[in-house]
Each structure stands twice: as C-alpha cells, then as structure tokens.
Amino acid sequence: MDGRTAPEIERNDRKVIEMADVEHLIRKLSDNFEEYVVKQEYASDTQVRFSNSKLDLTNIWDEYGIDIFVSSGRKTASIAVHSPDEGISKIDYLQKVLSNSPENSIYEGINDKKQIYRAVDYKDDEKDVQDMAVAAISSAEDEGARRVSGLIYKRSSEESIFTRYNTYSAHKYGIEAAVRSFIGESSGQYTAHYGPSSKADTEEVGKRSVRSILKVDSVKGNEGKYRVIFSPMAFGNIISYGSYLFSAYSIISGMSYLEGRIGKEVANESFSLVDDPTDTKGIGFEYFDDEATATKRNTIIERGILKTYLHSYSTAKKMHTETTGNAGIISPEAWQLEVDGGDSSLDEMIADTKEGVVIMNSWYLRFQDYRNGVFSTVPRDGIYHIVKGEIKESWSGIRISDSYSNVLSNISLISKEAEYVKWWNEISASKMPYIAIDKVTLTRSF
Amino acid sequence: MDITSRGAFYRNGEFDGSSSSRGSGYAIRVVNDSIAIAYSNSDDWERVKKRIDEALDRSRKIGKSKIFTGRDVRSSWTKLGNKKVLDTDFNEIVDILKEADTAASNVAQLRINSISDKIVKEYYMNTEGSEVHGEYSRIYFQYLIGVVESGNYEQSSEEYGYTGGYETFDLGRIAEEEREDAVKLREIALAPSVEPGKFDVIIGPEISGIVAHESAGHPTEYDRIAGREAVLAGESFLSGKKFPYKIGSELVNVVDDPTVENSFGYYLYDDEGVPARKRYLYKDGMTSEFLLNRESAAWAGTESNGAGRSSSWDMEPLARMSTTYIEPGDYSFEELFEGVRRGVYIKSFTEWNIDDLRFNEKYVGKEAYYIENGDIKGRVRRPVLETNTVNFYSSVDAVGKDLHFNAGICGKGDPEQGVEVWMGGPHLRLRGMIVK
C-alpha cells in the first residue's frame, strides 16, 4: 500500500466495509502477484419503473463488490468477489489459474506512471426518485399523452481503485430518465442523463416525449436512398453500437475497417467525434479506467480525419503510442461519445430537404459484417417523411440498412443543439446533435 | 441466490485471459399500494433490514399492486449433471478453447472463441408458505469467425449452451461444426447475391428457432402485451387483440418449454417458485398461452405458468422464455423441396432484428442456396427475408419432421438481464416470399 489509504465508505450511518480489511487484501495481492488491480464499488441505486401512467416497481440496490485483476509476466486472471476476506481466500485459486493460463499476448502490464486525478465537487440531487417519476408522468399527460411509460434511475456509488502505482477513490452520481408516451398508435420517446454538474428535469423529459409525436397521416414507408435526419437518440444508437470500431482491440483483432486509417479521412469534414469522460454534465463521466489511468477527453475524429483509436496501457504499447485512458485492460471502450460543432437547426435541416426522413429513435442494431460495419437498425417512436422541406406523413415498417463508412462519409448537416442521450443498452451515455446524412439506404418489410 | 461463474477467451490463436466471479445476495419483494424490491448483498442483518424498511416505505406509494400469489409450494430441484462444473479444471477449459480455435485456424483470419460456466444456488420463499430450493449449472460456448476471400469478408457466430455438467458438452462436434462453418464462409464470400424477387423459401432450423423466439416468444410475454416493457423492449402486436388471434397457417405450433432435458434455459421451478411446464404459445396457427410471471399473471386474471425469471439475485423477475421452438411436422427434408420450382434455401442466418411490436422482422441468410425444380443449386450470398410475423407464419405450407436447437442469451429489462435460452424448430417451407 506504500502508506496510501482510501476514505472509509459509509452509508446510512453504517460502515460498509473496514478499510483495514481492504488494505489487508491489497498487501496479500502485492506479496503474491507481480501486478494487481483492485476495484471496489459500493452502489446505492434506486430505480422506478412505470407504464400505463402508473408506477410498476421501485428497485432499491445496496451492493458492495470487489474486482481483482492479477498478472504474472503476460499471464493474467481476474475475479469478482463480495468481500476482502473472500478475495484473500481466492489467492490460491488465482495463482493456480495463472500457472495454468497461456500467456496473454496483448497484455503489457499495468500503467506505472503516477496519475493526477480530477477533483469534482458536487452534491447529489436530493429529489426523490418516485416523485421524479410521478412528475414525468404528469407532465407527459399534461402535454397530451394518453398513456406514459418509462423509468427513472438514480445511481450513487463510492468507487476506489488500487494498483502498485496509483490509488484513487471517488463518489459517483447520476440520474437517467427515459419516457415513452403514446397518443393512439403513435409513440414518442425522450431520454436524458444527468451527471453531477446537471440538474435532473424529468418533467421536461416527459414533455419532450410527447412533443415528438406529430399529428400527420400514417402510411407504410418506401424503400430507397434518402437523406435521413437522425435525432440525437437515433444517431446515438448508431454510434453506440459502432464504438467498437474505434477500439484498439478491434483493430488488433481484425474486426474494424479503420485499421491503418489513422491520419486519413474516415468521415465528412464537418464531423468530429470525441470521447469525453471529463464531461460531468453526463452520467458517462469517469475518473479512472480499469488500470487506474486518469481518464481524459480524446478526439477520435477531427473534421473527418481519424486521430486515434481508444487504448488501454497494453494496446497502446502494442501500437507504440500512449494510453487514452479507456481500459478495459484487454479491450478498451469509449466512456462518453460526443459530437459537437454544427451550425444548423432541426427546422433548417427539414427545410433544406427535398425528400427525406426524420428518424426520432432506433433500436436493435445488428451486424452482418463487423469488419466493414455493415448493419441494420429498426427506427421507432417517430419516422417522418419530408417532401419539399415539410413533414408530410408518418412512416412505418422501415429499417436503416447501411454501413458505417457510408453513414460517416455522407454527413451533410449537423445541428447546433446537442442533447445528453442514454437509453438502456441501446444508446450509451453520449451527447449527440441532430445529423442529416445523405443517401442512407432504407428498406422495408414485405 | 448465489452464483459462481468463470469464463475464458481465445482470439486468433492467442489467449485473451480469464475471469471468474462469485455473487450472492437477497432480493426481497414487498407488495402494498405498489411493488418494491430491495436487493442487498450485505452480511450485516441491520443493513439488510434497513433496505427492507425502505422498500416497505416506497411500496406505500400508489401504483400497480396486483400480484398472483397462488398456493404454497415446497420443493427442491437440481441439475448439476455427472461431470460437474465444479470438478472441471481450468486446464480443461483452456484446452476446449485451443481445440475450437485450431479447428478453424487454417481458414478463418478472425477467430474469437469464448466459454463460460456457472453454478447457481437459489432459495425462494414467500408469505404463502412456499419454499423452493434449486441448484443447477450451465455451460455456454460461443464463437465468432471471419473469413476474407478475394477481398470479400464473411462472418459467422454460433452459440452452444446446456444446463447440467460437462457431459452435455460435445467438443468434438462443436469444433467440427466451427471448422465446416469456416470452409463454407470462404465459398459464401464468393457467391452471387440474389436477384430480388418472389421465391418459395425453405428455411433451416436455426432460422425457425430465431423466428420462434422473436416473433412468437417475445410477443406472447404478457408483460409486453400489457405495456409494462413499453419504454424498453417495447410492446406486442398482440396488445389490444381479441384472443385467440390468428397468427398464420394452422400447421404452425410454437412451444415454450423449460423442462426440455439439458436445455440451456432448463428449470423445474421458476425464479418466483412456480412449477415449470410446457406451454403452447401458438397452437394450430392461433395464439394459445402467454408467458406469465406472477405480476403479469395477476393483470391477465390468471395463474402464473412459471415464466418468471431473473438473471441474478439483484434483478427483478420478468416474463421470459426458456426453450422456444416450432413443433416438427411430418415432411422429410427431401419432401420439402419437391414441388419448389424456383426457390431459395436459407439454412442459417447472420444479421437479424425485429421491431418493438415483434412484427416487422429481418433475417439475412448465411448458408443459402438457390433451388431449381426441387434441386439445391449454387450458393447465394446474404439473401434477405424482410417480412412480418403474420405474413411469415401464413406462408408456411409444410413443416419438416426434424428438430434442432441453438443456444442464445436473451436480453430484457433494465438493468438488462441476459437469460439463457434455447431456440429451435424444423425445416419449414414458405410459399411466395419476397427475397432481396
């Protein structure tokens, strides 16, 4: 431990864990393994789910857990346990796994540079989660919803990480809200996430879910290539599923068409993409990655040019560069993807479109080709056909069937406004604008 | 519930590491004016009690409060098999991965093989006096392979899963299937696309299985029909319908059955202590039973039929599938092809998805061939069936007598719960489908 200690974790006036026990575990790991990472988390989360405008369920979590990673040379092993004592009891098991493991060729050790972590000072939002749910339902109904479903998820945790080289502990906090409203057969959905620098406004989420339902005739959609205006949620869905393409692990594995494209044009020059775990307005903020590297804002695509892959210490060493603070020790991942910098608005985009489609949300993205990023995803919660700059009708039964290289290359307009969207496993915590993309292939069912 | 699990990964001939975990805790559901569940893994009773008190307080908020209670059940069940997961060395796990990787290594440039197993101990009790103890183990193997041939890339992902011990796991067969799959991908990469048009289509069991899961299993989950999952996985095209509702051809029967021996989703009591049994979701082309947990059974005004599943001790039980399959008919493989003048045989799939009402769906073929005058001709690359549930089942005019299952992890709920399932069916013949 080199004399370092971490703060006690206390909740409800009761200590969750004795730090002396955690320090004892760390000493044991230090004595027995070349490298170790210990992550402990105490989560105290509450979630309310509702449907048909009534509360279904309140979930209350009180969980403590420890993730342990150890290595010897290039051999690695990890285990999750629920107490320091259990961790100590598993040392023999971990040694046995290490001795029986083949070497892990990607692994290059744990980041040994001393890290400087950001300090973020804030208080948790004290609003009650059930009250926030009721407010979301009421505001949606006031806006005209016939029935409302959704969830409010309040997360609060104490997280600590210990390696031979770095130690840090932090309180984390955030709220997610998702509301889907129905008027007859039509639905509208709006989602938001709030980090410690934001004030949750679930009434607004309720209202926005209804405002995206437009009173126009509904017809079956037509196949073809169209300009598609993606809402922040719809583009968030595409970027979230495609974020693996930027991971150095995918590059090393041969799973991404972006291999060898650093410094080359991979998107329209109007498009820039960053991964920003330092943005505390969103719930995707992180202080440290899985090997205790302090996280930072990384520009992945700058004005159409690919600037970096997402790296752990190991993948960075393999590719002769610096870690971006995105470990997963073996497989780096994005924390909070953000697209900024447009100069248009949704209304201007619609007015600028001869014929096209606005897609308000999308889900169930699947790949037929991971390497080239060939996919389809199913729009929902508002598909609006534009003719001569005006929304004419609502479409149903269509699907976006295209590839990431086409989508990124054919971006034509980006809005000034951007929204913090996160929805279930479909949209990772991200900040996305409205984006108009030309020549998007839409298909339909027969 | 107490879950001990482990997993390991092999990528392109290299070991990518292993992981293991043990998690256990309590989930206490209370019902008053609404429902609340407290989850805690603390060993300190005072802490647990505090959370139960919080759940009690929160359950007094007005909301939905119906729940099927039923009679008390006292029972126990186990499915640990002969070659027990606990007795299987980590070395054996690594050897399995090595052998699977080697099988495809001559052909596939991309190879990711993973294996995991787990042992679950579960104890359920309720205020009606039920006490159910279950103990089982599950094994899951998945591969993803990719082949580049003359600049064209093709990929395949397959899953295998079982409940019981390692005697259920036939490594020789799996490795051989992976090897054959890689060889086929090389040919598929060079095959022509389909000239879009109307074809008679024969689909293989892998596609019958995913269709049964996506467009029979999911839309008959009663919590979806009742709107409970609207903000997440969506509702159902069956919402608001009068039942029984006609789905398609009277040749179509779709079953969900947790008691299929050694199946990946096998259980004898669900995670709400309700006995498991076989359920007909579609019978003779009409809706039949729905998948019910205790909560949705109360809304339907009936009894739970044992579909309440939680992926872990800290997840709410939802109405879920187990083994969902289209029942076999009486056609031999050869008989299905007789009378098909111009058709496409789509044996397996790669990409698929479906809308949130479980109606508008897409299946992209992996191994697929043209059929001419009853004979299988050359391969076709990535044929697309983009259709809807009623059109699909209405187009079935012959059902094969074979039956094959594939494993999968089915997602639902927030936090997302992946539960183990099998999906299966026979070969089916569909008339007059648009293939793109």
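Quick caveat: nothing in here was measured; it's all calculated off a predicted structure. To find a chain, count down the sequence lines: A is the first, B the second, and so on, and within it residues start at 1.
- The candidate with the highest count of non-hydrogen atom pairs below 4.5 Å against chain B, out of A:A178, A:G397, A:G254, is A:G397.
- There is a side-chain donor-acceptor pair under 3.5 Å between B:R58 and A:Q130.
- Looking only at atom types and distance, the side chain of A:Y64 has no donor-acceptor partner in the side chain of B:N41 under 3.5 Å away.
- Within the 3.5 Å criterion, the main-chain N or O of B:S18 finds a donor-acceptor partner in the side chain of A:S78.
- Heavy atoms of B:I62 lying under 4.5 Å from chain A belong exclusively to its backbone.
- Using a 4.5 Å cut-off between heavy atoms, B:K362 contacts chain A through both its backbone and its side chain.
- Proximity to chain A (any heavy atom under 4.5 Å) is restricted, for B:F90, to the side chain, taken from C-beta onward.
- Salt bridge annotation for B:E229-A:R180: absent, with no cationic side-chain nitrogen under 4.0 angstrom from a carboxylate oxygen.
- Shown here are the side chain to side chain donor-acceptor pair (under 3.5 Å) partners of A:S250, two or more places apart in sequence or in another chain: there are none.
- Proximity to chain A involves both the backbone and the side chain of B:D314, based on heavy atoms less than 4.5 angstrom apart.
- Side chain of B:K64 to backbone of A:S51: a donor-acceptor contact under 3.5 angstrom is found.
- Heavy atoms of B:A226 lying under 4.5 Å from chain A belong exclusively to its backbone.
- Contact annotation: the side chain of A:R366 approaches that of B:W352 to within less than 4.5 Å [non-hydrogen atoms, C-beta and beyond].
- In this structure, no portion of B:L385 lies under 4.5 Å from any heavy atom of chain A.
- A side-chain donor-acceptor contact under 3.5 Å links B:R51 and A:S44.
- Within the 3.5 Å criterion, the main-chain N or O of A:I79 finds no donor-acceptor partner in the side chain of B:S19.
- A donor-acceptor pair under 3.5 Å is absent between the side-chain atoms of B:E386 and the main chain of A:R399, judged by distance alone.
- The contact between B:R382 and chain A is made entirely by side chain atoms (from C-beta outward), counting heavy-atom distances below 4.5 Å.
- Heavy-atom pairs under 4.5 Å with chain B were tallied for A:F69, A:Y370, A:W363, A:Y153; the largest tally goes to A:W363.
- A:N104 has its side chain within reach of B:D16: a pair of non-hydrogen atoms, C-beta onward, lies under 4.5 Å apart.
- Both the backbone and the side chain of A:V97 come within contact range of chain B, each with at least one heavy atom under 4.5 Å from a heavy atom of that chain.
- Below 30°, between 30° and 60°, or above 60°: for A:W61 and B:Y39 the angle between ring planes is below 30°, a parallel geometry.
- Remark: the A:S376 side chain and the B:N353 side chain contain an N/O donor-acceptor pair separated by less than 3.5 Å.
- Checked by atom type and distance alone, the side chain of A:W423 never pairs as donor or acceptor with a backbone atom of B:L232 at under 3.5 Å.
- Counted by atom type alone, B:N360 and A:S445 present one or more donor-acceptor pairs between their side chains at under 3.5 Å.
- B:D43 touches chain A through its side chain: at least one heavy atom from C-beta onward sits under 4.5 Å away, while N, CA, C and O do not.
- Among the candidates B:E361, B:Q109, B:E154, the residue making the largest number of heavy-atom pairs closer than 4.5 Å to chain A is B:E361.
- Between chain A and the residues B:F349, B:Y153, B:F359, the largest count of heavy-atom pairs under 4.5 Å involves B:Y153.
- Under 4.0 Å is where a charged nitrogen must lie from a carboxylate oxygen, and between B:E235 and A:R147 at least one such pair does.
- Taking every heavy atom of both residues into account, A:Y93 and B:S20 meet most closely at CE2-OG, 3.4 Å.
- Looking only at heavy-atom pairs under 4.5 Å with chain B, the residue among A:D128, A:D381, A:I398, A:T76 that has the most is A:D128.
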